[in-house]
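Protein chains get the first letters and strands the later ones, always in sequence-line order, with residue 1 at the start of each. Because the structure is predicted, anything quoted here is derived from the model rather than measured.
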Amino acid sequence: MNAPVNLNKLLPTVDQRHLDHLEEEAIFILREVAAAFERPALLFSGGKDSCVVLRLAEKAFKQRVAGNEFKGKLPFPLVHVDTGHNFPEVIAFRDQRAAEMGERLIVAHMDESIRRGTVRLAHPLESRNGHQTVTLLEAIEEHRFDVLIGGARRDEEKARAKERIFSHRDSFGQWQPKEQRPELWNLFNTRIRPGEHFRAFPISNWTELDVWLYLARENIPLPSLYYAHERQIIRRKGLLVPLTEVTPPEPGEQVESATVRFRTVGDMTCTCPVESDAANASDIVAETLTVTVSERGATRMDDRTSDASMERRKKEGYF
Amino acid sequence: MSAALNSVVHEQDVDTQHRALRFLTAGSVDDGKSTLIGRLLFDSRAILADQLDTLEKRAAGAPIDLSLLTDGLEAEREQGITIDVAYRYFATKTRKFIIADAPGHEQYTRNMVTAAAGSDAAVVLVDITKLKLDDAEVTLLPQTRRHSLLAHLLRVPSIVFAINKIDALEAPAEGYAKVSAALRKFAQAAGIEVTAIVPVSALRGDNVTQPLDADWYDGPSLLQVLEGLPTVQEKVEGQLLIPVQYVATNGEGTGHQPRTLWGRIAHGQVKAGDEVQILPSGQTAKVAEVRKAGETVAHGVAGESAGLLLDRQLDVSRGDWIVTPGSATPRQSFEATLAWLDTEPAVVGRKYWVRHGNRWVQARISAIEHRLDVNSLAEAEAHELAINEIGHVRIELQAALPVEPYTANRVGGALIVVDPTSNRTSGALLVR
């Protein structure tokens, strides 16, 4: 699906040597997680950022053998919070990747939180994105994780731009932006008390373009959703809403077919594709160089509600 | 790989120019720092249509406020100030940049220290409209002095002054000349090497990314200066120093396999066959193999993380150091500059945790020699250090560490101090 490409030939003006440095930094952070904590886990959703982090983890902890395969095991399991509203292609990809790599995958289902009554939906088709926090914190408590590695990037959003690489969470799982620990040199203060945990973000300093350059360079497999395909959509408030069982057309809305790809794959109720013919990672690199709308602006319905929506959710424990 | 096994790496072979330049911006509140950053992002097209749309809606017909691009926390928008360091990204055709947007308020000096610790350069913003230009000699604002001195103290390699709001002056040429003279005089007295002094108007965008169209200035734009600055260069020559970060057991289920000692090389280089010493145990061994990110490589150099396999089984764990035999002398006490970051003052005699490289040891401040006036770096007598204060202290350690002067090496010379009760990062130590 994404054949090896020579990016230097394709995009002579894009300097990629900085990727080596970003990779080096990310691997250093991943080893720090494995060394400094007792019970780490890596958040793996099957999305592009977590696929990049997974490859970086392979490089940090495994040995490359003939045929470019990695030998060995990661020193932590993979964890995914399944809202029950994920795209089926992504869930299939997630399971397939974990199996191929021989890694342990722990799935925390929001449906179980709903059954337990810890998550209450206002209406059945409500976006489940914000509620992920509850299920995530329940999984952290159940498995007693003391650090979760995530693929968040500081270029995504203003509140993310404020976040440390090692981000402390209190015993309620909450982020306290005013109480963040200063992050000096590479001397991370990872000391915690029982019940508290950390979130660690090895690709904090990467941009969306860096991620695509790396996906192309490393030939990393992704769910097919990321590449151009035909899909039934509804045009709503400037966004292309994918037609799914949880996002039906509203009265008077027209369903049409369009060639689209997803820049981000989150909850089905709030993730929108963009029109694109980009069929592989290097096409997307070229497209990302000329894009005029941010990743979240083009694709997320729920982040548009307030300037502070991400910050508020993060304070509650969102990752 | 095998042909290169005996090669030696030289400084000039290590290319760090392509790395993103990390720079911090400093300056008082209302000096136009957020506007300057907004301008850099805007003019380099790092701002996308939807983000602009939000700003346009907020402006409701008035010119958009670029400073709103950076203040990302609710409390910041409420108070109209920057509280915490934010990191911003932009790129030009020739370079990638990471801005550490540090708050200007005196009460957030600790965040300025945080931003400076990882930076290759500092851009100190000077608001020319706040200065008395009619005086025979222009007096700089305390914050300009503080921020430059802090950047200098933390050995940020390049210090650039951006004289802002140049468009507000009737006689910008004279104003720029007078303030430049004052900055140079101050810098010389403080021992600060000035990289550049650049006039700008962040609001109008003059000389930020586009050269200034004026007969009195033919120097570079701020962006041109930034594009040419070096990133922090690790010392590839000289003695080897690796703090052991992570010890990995290889090849699960494949019988006996030696352990790989991973660590980022603080200085020097290492290749198979080299004799190394482990500190604090003092044992020596030969390097059997060097690894990097899943592969066996010919050598590892300063700045890279290397995985070493030794020719014999030694007791090595995280926090130990790998050095050229006999090159490092661990010490149990040292003098340092301490920047205090915690609301609880530093207490002489109390036990704290310190982290040096990857080792945590207990430490106590045995004496505070002086407190520094951050406006002048003059030394005053002191018995404690409060938040945002900086002093010269003597530290005693529970176990010896191979510390080096911070001016010689950032890795060997930097430590953090952590309060054992609150776990807060309370201080930054720079070995003198």
Side-chain angles (χ1 to χ4, degrees), chain A residues 13 15 17-18 20-24 27-28 31-32 34-36 58-64 70-73 75 154-155 157-162 168 177-189 191-193 196 204-205 207 209-210 291-294 296-298 307-308 311-312, chain B residues 15 18-20 48-51 53-54 70-75 77 83-89 91 93-96 98 110-111 113-114 117-118 245-248 250-252 262 264 291 293-295 303-305 318 341 353 355-358 360 410-411 414-416 418 423-425 428:
Chain A
T13 57
D15 186 343
R17 289 170 304 168
H18 72 277
D20 296 332
H21 188 64
L22 288 172
E23 180 186 72
E24 176 83 36
I27 289 173
F28 177 82
R31 292 197 185 118
E32 185 68 17
E58 286 187 298
K59 288 198 171 190
F61 302 109
K62 296 187 180 187
Q63 178 76 358
R64 225 170 194 160
F70 287 95
K71 187 184 77 180
K73 238 176 147 44
R154 285 170 176 158
D155 81 323
E157 204 273 336
K158 284 204 281 189
R160 289 242 194 266
K162 293 277 175 184
H168 180 255
K178 285 192 195 176
E179 296 290 318
Q180 294 199 87
R181 294 177 179 179
E183 210 150 82
L184 298 146
W185 305 284
N186 282 322
L187 299 174
F188 300 112
N189 172 7
R191 304 186 82 88
I192 48 170
R193 277 190 281 244
E196 300 175 341
S204 285
N205 287 324
T207 62
L209 180 62
D210 296 327
V291 76
T292 60
V293 180
S294 78
R296 288 191 170 263
D307 226 10
E311 181 186 350
R312 288 197 189 126
Chain B
D15 173 19
H18 63 272
R19 285 189 195 167
L48 297 169
D50 54 309
Q51 295 161 325
D53 193 44
T54 311
T70 58
D71 285 340
L73 299 176
E74 273 185 281
R77 286 189 292 271
I83 291 171
D84 205 344
V85 185
Y87 298 87
R88 314 276 163 204
Y89 302 80
K93 278 202 171 125
T94 54
R95 197 150 206 196
K96 248 179 83 100
I98 302 174
R110 61 201 175 107
N111 290 323
V113 172
T114 302
Q245 185 191 18
Y246 178 71
V247 180
N250 310 313
E252 213 171 294
W262 287 103
R264 197 169 231 181
R291 284 185 184 168
E295 327 224 4
E304 295 177 345
S305 289
R318 170 171 164 88
L341 314 169
W353 284 107
R355 179 174 179 170
H356 178 240
N358 301 314
W360 289 96
R410 282 195 194 189
V411 182
L415 301 91
I416 56 168
V418 171
N423 279 339
R424 282 202 293 266
T425 305

>> If we define contacts as heavy-atom pairs under 4.5 Å, which of A:K59, A:E24, A:E23 has the most with chain B?
In response: A:E24

> Which atoms form the tightest heavy-atom contact between A:P182 and B:T425, and what is the distance?
Replying inline: CD-CB, 3.7 Å

> Which is it for B:V418 and A:R181 under the side-chain contact (heavy atoms from CB on, under 4.5 Å) test, yes or no, and what are the steps along the way?
Replying inline: CA-CA 10 Å; B:V418 171; A:R181 294 177 179 179; over 6 Å; no

> Could you go step by step and tell me if B:Y89 and A:N205 meet the side-chain contact (heavy atoms from CB on, under 4.5 Å) rule?
Replying inline: CA-CA 8 Å; B:Y89 302 80; A:N205 287 324; 2.6 Å; yes

>> Within 45 degrees of the ring normal and closer than 6.0 Å to the centroid, is that where the cationic atom of B:R264 sits relative to A:F28?
In response: yes

> For the candidates A:H168, A:R64, A:R154, which exhibits the highest count of non-hydrogen atom pairs separated by less than 4.5 Å from chain B?
Replying inline: A:R154

>> Tell me the closest heavy-atom pair linking B:Y246 and A:R31, and the distance in Å.
In response: CD1-O, 3.9 Å

>> Looking at chain B, which one of A:A60, A:A161, A:P75 has the largest number of heavy-atom pairs inside 4.5 Å, strictly under?
In response: A:A161

> Excluding sequence neighbours, so at least two apart, what forms salt bridge (Lys or Arg N to Asp or Glu O under 4.0 Å) with B:E304?
Replying inline: B:K292

>> Please classify the contact of A:L187 with chain B as side chain, backbone, both or neither, using a heavy-atom distance under 4.5 Å.
In response: both

> Where on B:I416 is there a heavy atom nearer than 4.5 Å to chain A: the side chain, the backbone, both, or neither?
Replying inline: both

>> Let's go through B:R355 and A:N189 carefully: what are the C-alpha distance in whole Å and the side-chain angles of both, what is the deciding distance for side-chain contact (heavy atoms from CB on, under 4.5 Å) to 0.1 Å, and is it a yes or a no?
In response: CA-CA 8 Å; B:R355 179 174 179 170; A:N189 172 7; over 6 Å; no

>> Quick check on A:F61 against chain B: is it the side chain, the backbone, both or neither that has a heavy atom closer than 4.5 Å?
In response: side chain

> If you look at every heavy atom in A:D210 and B:K96, which pair is closest and at what distance?
Replying inline: OD2-NZ, 2.6 Å

>> Applying salt bridge (Lys or Arg N to Asp or Glu O under 4.0 Å), can you list everything that pairs with B:R318, at least two apart in sequence or on another chain?
In response: A:E32

>> Could you measure the distance from the CD atom of A:E179 to the CZ atom of B:R424? Nearest 0.5 Å is fine.
In response: 6.5 Å

> Do you know the tightest heavy-atom contact between B:Q245 and A:A35?
Replying inline: O-CB, 3.2 Å

